[in-house]
Amino acid sequence: MKLSEIYSFLDRLSPFENQANWDNSGILLGDLDNEIDTIYTSLDIDENLIKEASENSLFIVHHPLIFKPLKELTGEKYPRAFIKEMIKKNISLIALHTNYDLSHLNSYFTKEILGFKEFKQEQYLIYVDVDIDFKDLCHHVKKALNLDTLRISFCGKQKIKRLAICTGGGGDLIPFVNADCFISGDFKYHQALEALSNKLSLIDIGHFESECYFAQALAKDLQNLSLKVIIKVSKNPFQFFKEN
């Protein structure tokens with residue numbers, strides 16, 4: 001199947017025109033006439049993915065490998081070394097980022113991972129009507145994501161009636177959140193202060209922890225293509241140091 005045909009399929013599934021204006025989703029490497037027989041889908045690209053991938057294959061990832069303009073491809077610093085190796089193996093690359101957040105990932109995470117079946121979506125924010133204590137909500141999130149700890153900011157409002165959810169890093173959305181609690185990742189210090197002032201509690205689940213389900217969510221739709229699809233598990237760049 002030609003790369004152009006796969007791109008058209010993905011564009012119907014999750015229109016690229018809906019990506020944020022700062023984003024860089026779409027075809028980042030490859031020619032439209034490239035013949036593809038194997039797709040690798042992953043949250044990110046790393047050395048092992050490139051090493052194990054067959055030649056003339058396609059990577060479909062969530063986070064764009066090429067985000068800021070590159071003036072040259074010299075040296076081995078990220079992302080240059082990855083790009084050069086992919087070119088050598090004629091590996092094509094498509095990123096499904098903010099457009100896929102809107103069309104699939106936020107709702108998939110809310111329904112399939114957190115288990116909230118009834119919700120409303122307003123752009124990048126998912127809203128869920130609940131009736132739960134903040135502490136019980138924290139326990140529910142920990143169990144659903146299999147987390148040892150949660151980073152929280154508690155405004156003092158114990159009863160949660162409306163919950164907001166956004167995968168990835170949703171801190172910039174805090175001024176627009178109309179809820180009692182906001183679940184997302186990568187909250188910054190000043191954003192937590194703003195949330196507390198707005199009587200909004202935060203549950204920071206981490207960027208990776210909320211988006212690591214991208215590949216399994218997309219793979220369900222890729223089964224409609226007559227191609228070999230391989231799900232690759234990305235590794236969280238952060239770990240937790242624990243004393244014995």
Side-chain angles (χ1 to χ4, degrees), residues 1-20 23-67 78-79 81-83 85-114 124 145-146 166-169 185 206-237:
M1 182 176 286
K2 291 186 181 296
L3 180 61
S4 59
E5 296 176 277
I6 300 173
Y7 176 83
S8 295
F9 171 82
L10 294 173
D11 194 35
R12 293 191 298 270
L13 178 71
S14 181
F16 289 99
E17 66 179 13
N18 292 338
Q19 65 181 288
D23 197 8
N24 195 32
S25 292
I27 298 177
L28 304 187
L29 283 177
D31 296 320
L32 290 175
D33 289 332
N34 283 2
E35 287 289 343
I36 306 295
D37 57 17
T38 302
I39 295 175
Y40 298 86
T41 179
S42 176
L43 179 63
D44 295 295
I45 294 175
D46 59 25
E47 294 91 341
N48 290 330
L49 176 57
I50 298 173
K51 181 179 179 181
E52 296 171 5
S54 58
E55 293 187 359
N56 308 314
S57 58
L58 167 65
F59 292 171
I60 304 178
V61 300
H62 190 48
H63 295 135
L65 178 65
I66 303 172
F67 208 86
Y78 179 93
F82 288 179
I83 295 170
E85 287 301 314
M86 291 169 66
I87 291 174
K88 288 179 183 178
K89 299 181 73 170
N90 195 32
I91 294 173
S92 301
L93 172 62
I94 294 177
L96 282 170
H97 193 207
T98 52
N99 55 312
Y100 196 75
D101 288 330
L102 283 173
S103 64
H104 288 76
L105 190 56
N106 282 340
S107 57
Y108 181 90
F109 178 75
T110 299
K111 184 177 181 179
E112 303 298 335
I113 306 305
L114 292 183
Y124 294 101
L145 301 184
N146 193 28
C166 178
T167 58
H207 198 116
F208 174 87
E209 286 78 3
S210 67
E211 293 191 333
C212 62
Y213 308 96
F214 166 79
Q216 70 185 56
L218 179 62
K220 291 185 176 182
D221 289 303
L222 293 179
Q223 291 175 358
N224 295 320
L225 300 176
S226 56
L227 295 170
K228 183 179 182 181
V229 177
I230 300 174
I231 297 175
K232 303 299 289 186
V233 179
S234 296
K235 183 179 180 181
N236 192 339

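Numbers for residues simply follow the sequence, beginning at 1. Note that these values count all heavy atoms, side chains included, but never hydrogens, waters or copies made by symmetry.
For the residue pair Asn18/Asn99, the side-chain donor-acceptor check at 3.5 Å is not satisfied. Between the side chains of Ser14 and Ser103, at least one donor N or O sits under 3.5 Å from an acceptor N or O.
Interatomic distance, OG1 of Thr38 versus CG of Leu227, reported as 7.5 Å (0.5 Å rounding).
Looking at Ile45 and Ile50, their side chains come closer than 4.5 Å, going by heavy atoms from C-beta outward. Contact check for Glu209 versus Asn236: side-chain heavy atoms found under the 4.5 Å cut-off. Residues Ile27 and Leu32 are in side-chain contact: their nearest non-hydrogen atoms beyond the backbone lie under 4.5 Å apart. Within the 4.5 Å cutoff, the side chain of Asn56 has no heavy atoms near those of the Asp37 side chain. In this structure, Thr41 and Phe59 have side chains that are not in contact, with every pair of non-hydrogen atoms separated by 4.5 Å or more.
Between His104 and Tyr100, the ring planes lie parallel to each other; the angle is under 30°, not in the 30° to 60° tilted range.
Here the closest heavy-atom approach between residue Leu3 and residue Asp31 is recorded as CD2-O, 3.3 Å. Closest of all the heavy-atom pairs between Ile91 and Ser54 is CG1-O, 4.1 Å. Heavy-atom minimum distance, Phe16 versus Ile94: CZ-CG2, 3.9 Å. Nearest heavy atom pair, residue Tyr40 against residue Glu52, reads OH-O, 3.9 Å. Of all the heavy atoms in Asp44 and His63, the pair that sits closest is OD1-ND1, 2.7 Å. Annotation for Glu211 and Gly168: closest pair OE2-CA, 3.3 Å, computed over non-hydrogen atoms.
His62 contributes a side-chain N or O that, together with a main-chain N or O of Leu96, makes up a donor-acceptor pair within less than 3.5 Å. Judged by distance alone, with hydrogens and angles left aside, the side-chain atoms of Asp101 form no donor-acceptor pair with the main-chain N or O of Thr167 at under 3.5 Å.
Residue-environment remark: NZ (Lys235) stays at or below the threshold of 12 foreign heavy atoms within 6.0 Å.
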